Trainee: 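I have a structure here, written as structure tokens, and I will follow up with some questions on it.
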Amino acid sequence: MSIIEIKNLTKSFLQGNNKINILNELNLVVPLASKIGIVGQSGSGKSTFLSLMSGLDKPDHGQILVNNNDITKMSEEALTEFRAKNLSIVFQQYHLVAHLTALENVMLPLEILDHNLSKKSIKDKAIELLNEVGLEKRLSHFPSQLSGGESQRVAIARALITTPKVILADEPSGNLDLETGTRVMNLFMTIIDKYQITTLLVTHNPELASLCQSVYKLNHGKFEKIK
Amino acid sequence: MIAHALKELVRKWRWTLVFVFNLSFGFIGFISLLSFQNSIENKILLDSKKILTADLSISARKKIATTEIDKTKKIIRDLGIKIESESYLTEFMAMLKTSEKAQMVSVKAIDANYPLYGDLELLWENKNYSDIKSSFKNNETIVYSELKEILNLQKEQSLMLGKLNLSLRDIVVKDSTQTFKFGGIAPKIFIHQEALKNSELLKFGSTFNESYLFKLKEPYPRETLLKKLEQSIPDATIKIETAESAANDSARQLGFLTDFLKLIAIISILLSSLGANFLYQVFIFKKIKDYAIFKALGLNKQKLRAQYLVQMITLSLVVTAISALGSYLFIPLIQFFLNKTLSIIFEISIPNLVIVLSFFIIFITCFLVTIPFLFSLETITTAKLFNEEKLNLNISIRSRVPQILSVFLVGLLSLYLTKSVNLTLIFISSVLSIAIFSVVIGWSGIKVLSLFNPRFWVIKYSLKSIIRKKGTSIIVFSCIAISTMLMNILPLVRTSLQEEFNYNKNEQIPSLFLIDVQEEQVNAINELLQLQNLKIDNLSPLIRARISKINDIPFEKKLLKNSFTTREEETEARFRNRGINLTYRHEFSNTETLLEGIPFTNYKDETPGLSLEYKYAERIGVKLNDLMTFDIQGVEIKGKVINLRKVRWISFQPNFFIAFDEGVLNQAPKSFIGTINNLSEEKTKKVISSLAENFSNISIIDVRALSKDILNMADQMSLSIQIMALLALITGLIILSSIIYIQLNERTWELNFLKIIGAKFNSVYLYILVEFAFLTFLAALFGSLLSYVFSFILVKYLFETTFVISFKEPLFIIFGIALISIVICLIITRRILQNSANKILKEF
Ligand SMILES: Nc1ncnc2c1ncn2[C@@H]1O[C@H](COP(=O)(O)OP(=O)(O)OP(=O)(O)O)[C@@H](O)[C@H]1O
Ligand SMILES: [Mg+2]
């Protein structure tokens with residue numbers, strides 16, 4: 001069963017007077033609870049693809065069906081609600097809120113979501129996730145007091161707290177040293193396996209890509225399946 | 001390097017625009033207000049010159065030795081002042097007779113140059129005296145209009161003044177020298193000096209007053225001249241008067257207004273500097289990363305400074321250009337508006353000095369508001385600069401020195417403009433203490449907020465944002481509080497000041513002043529007036545006296561101080577040693593209000609009670625409970641000051657600086673003065689002739705033209721105050737909006753991020769509204785509270801009038817500010833939410 005279906009997705013940018021097609025009539029089907037690796041040269045359009053997937057940007061044309069809903073047709077407001085309920089993003093640059101502590105950063109998405117959870121259970125869940133990523137001693141640190149790897153782990157915990165159906169991760173290990181990167185990513189993989197979350201993972205790291213069920217290479221605006 | 005510095009300003013055009021407009025608005029306000037104030041001051045000065053008909057007058061009740069006049073001229077010339085023209089004047093009392101009647105008149109024997117300023121408006125020829133001057137013959141006379149009714153005068157009628165035969169040339173309907181001062185005034189007539197020479201009017205022993213008038217080339221050092229003259233002419237019987245010292249009460253009252261305008265002018269640049277300081281902080285935060293890169297690439301301090309200098313000079317020049325342009329466009333606009341609304345036209349022009357001063361201040365301001373950031377940027381380490389998350393530009397105390405310095409500069413400016421130490425001290429200390437106070441309040445407010453722990457995430461994170469970004473929150477809070485306070489002061493002070501210029505349209509406005517009414521005539525006059533349904537109003541006894549002692553110490557002409565640098569000293573000197581008119585009454589008239597002490601009705605002591613006009617008391621240095629001794633025709637009478645009162649100057653009624661309680665003075669030699677109010681042209685004539693017929697000793701002064709003039713002026717001032725307060729208000733709102741706008745723009749990333757992680761739009765709106773509306777509303781509220789305190793101090797101790805509390809304007813301002821902040825919040829948030837999330841994420 002597929003959760004995501006992408007049909008003829010096309011995105012171009014104007015560079016000066018030239019129109020450059022970054023994504024060109026791209027098609028992809030993502031099965032439920034699968035891990036998809038996306039690789040490609042720098043500038044090939046991987047981040048662009050993820051931003052379309054998350055509704056942060058609009059394509060020129062084409063469809064992105066998530067659970068049979070076309071997100072490219074949604075208004076900004078509807079998209080926001082859709083994101084809250086269905087997907088989380090792990091950014092290359094962490095994007096933590098500077099004036100909130102690690103714990104608050106993690107709690108935030110769940111608090112924003114409409115729910116009947118008590119404050120305490122949200123907090124417990126955040127602490128549990130931070131425990132899982134090994135940050136139980138960093139709960140009340142501010143982002144400025146965390147190292148790069150720690151920040152990335154907070155970002156991962158934050159992406160997981162709403163137990164989304166889909167996680168979009170853009171080079172989550174890109175800023176980390178090899179060892180930390182591997183450790184963080186192993187952790188990430190373990191958790192998404194545990195919660196059975198569909199994942200699209202952009203990476204330059206072949207080893208990481210190999211952990212995915214299938215791997216696509218983005219080349220001239222199209223996906224080539226390499227695994 | 002220059003190219004890069006300029007490029008940066010262009011790239012950040014949005015910021016540059018806000019910065020430039022913010023400062024420009026402040027300075028347009030500054031320039032316009034000072035120009036306006038300058039034109040009012042010029043008008044006052046010109047009016048004063050018209051009253052004296054000269055810049056300088058040397059007069060005495062005796063023949064002035066020619067040596068004294070030569071001395072005077074030498075002093076004037078030694079100071080490098082050019083005498084443009086001079087005039088000689090003799091004044092004395094005489095009987096003017098027709099074949100049927102006679103009337104005591106005050107004769108002014110004038111020469112060919114009279115008047116050096118001002119003019120006489122004539123009835124029959126419908127011209128000014130100066131237009132007919134060349135054809136005014138030696139045997140001709142022109143007389144005040146009262147005399148026309150009193151003596152039943154016709155054109156070219158022949159009149160006798162003593163043995164001098166005169167032909168009536170014309171009637172004076174308006175004399176620029178006329179003021180509301182009274183006491184021994186008789187209707188005036190003008191004759192030629194030449195005619196006087198041949199007459200035997202001034203015989204040995206007759207009293208007269210001789211004046212030498214000078215018109216001097218502006219500008220000249222007024223104070224120095226007066227001081228020099230007073231030093232070298234020690235003879236106390238010679239009166240040295242300048243236009244300023246001759247100015248009437250209304251002119252002195254207008255001093256209020258010009259003080260007020262200067263104050264607003266300073267406030268408008270203070271406000272915009274505050275805004276500029278805030279804006280620059282935003283600019284530099286955005287710049288930090290660039291600087292880090294430049295620094296890593298080897299940009300040294302000198303180059304950084306050069307870049308900064310280029311930017312600041314460019315910005316100052318642009319601000320200067322826009323301010324000048326704006327003022328040149330704006331001032332004709334006010335002018336147009338004023339001329340449309342008011343009957344009296346007065347010219348507003350921008351004095352060159354103001355432009356030069358503003359340019360100078362713009363440059364200083366640009367540097368002062370920005371340089372602390374440059375210092376801290378220089379001292380911060382590159383590694384720290386690179387760490388985006390750890391960004392926390394600490395503005396050290398040392399780098400705040402320029403801003404502390406700027407407070408002193410503002411002080412100097414205020415001292416320079418207002419020439420008042422009190423005003424400056426109050427102003428500076430209030431601004432400083434309010435700044436400190438609002439920081440303390442902001443800080444404690446945050447402490448209080450952190451005690452709350454709301455359940456709803458929107459409120460929770462809104463409060464967290466305020467609390468965690470303590471520095472910014474306090475700065476925003478203080479900025480808004482101070483701007484609100486400054487904005488609020490103006491309408492509050494205005495309400496109180498305007499009371500001074502307001503009059504009720506139905507109020508009793510005097511048409512005629514009756515002077516020298518004898519006690520036994522009062523009833524007869526009233527009976528006569530009764531026939532025409534009129535009566536004497538404001539009838540008051542008038543007793544000529546001289547202050548001989550204060551607290552039993554002789555009151556003599558105080559030797560003038562070495563300098564009159566401040567107005568406080570100036571006014572004090574001005575009021576020394578004058579013959580004074582006393583009155584007595586048991587109760588206040590309806591134009592008087594008790595300021596200090598107790599009313600006569602509650603006073604039971606032995607020593608007779610005295611009531612003094614509060615400003616007069618201040619000028620002669622008399623306080624409550626002081627003892628004053630008066631010399632009334634050789635008899636000494638002592639009284640105790642038991643209250644100070646305020647007199648509404650616009651009431652034009654016989655007002656007295658000093659009033660005794662009923663009792664001691666009842667038997668003193670006295671006459672009465674009174675008014676007849678609200679007369680029509682026709683009735684005026686009738687009343688004058690019937691009074692003149694029956695009571696030939698009474699002087700009747702027609703003050704209708706004068707009251708009309710002053711009421712016009714009051715209208716004009718009242719409107720001007722409103723316009724100026726409005727101008728300052730608009731400036732304040734614009735600057736405030738730009739602060740809020742820029743501050744909100746800073747939150748773009750955060751709002752966008754909330755949207756990315758799925759916050760509902762309404763929640764995002766609420767999130768920012770709670771934070772901002774809350775902050776601005778509280779700050780505005782706090783600022784308004786402060787403004788009441790500050791306005792009260794200003795009105796009470798500086799403008800020395802009663803504080804009229806008003807809630808309308810402050811409420812309007814608080815809600816205006818809150819509304820503006822809400823609208824800006826909604827607009828910007830909407831823009832952020834509707835925008836592509838990805839784009840914002842990349843940009844910020
Ligand atoms: N807003 C934009 N305007 C114009 N061109 C853009 C814009 N955003 C991205 N591009 C271009 O699209 C191309 C793809 O960018 P994208 O960020 O998707 O690459 P990427 O595959 O993520 O590269 P990397 O591996 O370096 O992160 C780049 O050539 C980039 O220059
Ligand atoms: Mg990328």
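Below, chains carry the letters A, B, ... as their sequence lines are ordered, and counting in each starts from 1. Since this is a predicted model, take the numbers as computed values, not measurements. Note that these values count all heavy atoms, side chains included, but never hydrogens, waters or copies made by symmetry.
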Trainee: Measure the spacing between CG of B:N752 and CG of A:L56 and express it to the nearest 0.5 Å.
Mentor: 8.0 Å
Trainee: For A:H204, is the NE2 atom crowded, meaning more than 12 foreign heavy atoms sit under 6.0 Å from it?
Mentor: yes
Trainee: Determine whether more than 12 heavy atoms belonging to other residues, nucleotides or ligands lie under 6.0 Å from atom NZ of A:K123.
Mentor: no
Trainee: Are there over 12 heavy-atom neighbours, none belonging to A:E136, within less than 6.0 Å of that residue's CD?
Mentor: yes
Trainee: I need the minimum non-hydrogen distance between A:L108 and B:W457, along with the two atoms involved.
Mentor: CD1-CE3, 4.3 Å
Trainee: Please tell me if the side chains of B:L754 and A:T80 come closer than 4.5 Å, counting only heavy atoms from C-beta onward.
Mentor: no
Trainee: So how far is it from B:N762 CG to A:E77 CD, rounded to the nearest 0.5 Å?
Mentor: 6.0 Å
Trainee: How about A:K58: does its NZ atom have over 12 heavy atoms from other parts shown lying under 6.0 Å from it?
Mentor: yes
Trainee: Heavy-atom distance under 4.5 Å to chain A: side chain of B:I756, backbone, both or neither?
Mentor: both
Trainee: Can you list the residues that meet the side-chain contact (heavy atoms from CB on, under 4.5 Å) rule with B:L775, with sequence neighbours excluded?
Mentor: B:I466, B:V476
Trainee: Quick one: what part of A:L100 sits under 4.5 Å from any heavy atom of chain B, side chain, backbone, both or neither?
Mentor: both
Trainee: Heavy-atom cut-off 4.5 Å, strictly under: side chain, backbone, both or neither for B:N835 against chain A?
Mentor: backbone
Trainee: Locate the shortest heavy-atom distance separating B:K464 from A:E104; write the atom from each residue and the value.
Mentor: CE-OE2, 2.7 Å
Trainee: By a 4.5 Å heavy-atom criterion (distance strictly below it), what part of B:Q834 contacts chain A: side chain, backbone, both, or neither?
Mentor: both
Trainee: Spell out, as yes or no, whether a donor-acceptor pair under 3.5 Å connects the side chain of A:R83 to the backbone of B:G758.
Mentor: no
Trainee: Counting only heavy atoms closer than 4.5 Å, note whether A:F82 contacts chain B via side chain, backbone, both or neither.
Mentor: neither
Trainee: Side chains of residues 155-168 of chain A: which donor-acceptor partners sit under 3.5 Å, not counting sequence neighbours?
Mentor:
unit_1, atom_1, unit_2, atom_2, d
A:R158, NH1, A:H95, O, 2.9
A:R158, NH2, A:Y94, O, 3.1
A:R158, NH2, A:H95, O, 2.9
A:T163, OG1, A:K125, NZ, 3.1
A:K165, NZ, A:N86, OD1, 3.1

Trainee: Give a yes or no on this: more than 12 heavy atoms of other residues, nucleotides or ligands lie within 6.0 Å of atom CZ of B:R830.
Mentor: no
Trainee: Contact part of B:S465 toward chain A, heavy-atom cut-off under 4.5 Å: side chain, backbone, both or neither?
Mentor: both
Trainee: Would you mind checking which part of B:F753 comes under 4.5 Å of any heavy atom in chain A, side chain (CB onward), backbone (N, CA, C, O), both or neither?
Mentor: side chain
Trainee: Of all the heavy-atom pairs spanning B:A759 and A:I112, show the shortest one and how long it is.
Mentor: CA-CG2, 3.1 Å
Trainee: Sort B:K469 into side chain, backbone, both or neither according to what part of it lies under 4.5 angstrom from a heavy atom of chain A.
Mentor: side chain
Trainee: Distance from B:F761 atom CZ to A:E81 atom CD, nearest 0.5 Å?
Mentor: 10.5 Å
Trainee: A:V97 vs B:R468, test: side-chain contact (heavy atoms from CB on, under 4.5 Å). Steps then yes/no.
Mentor: CA-CA 11 Å; A:V97 181; B:R468 298 268 166 82; over 6 Å; no
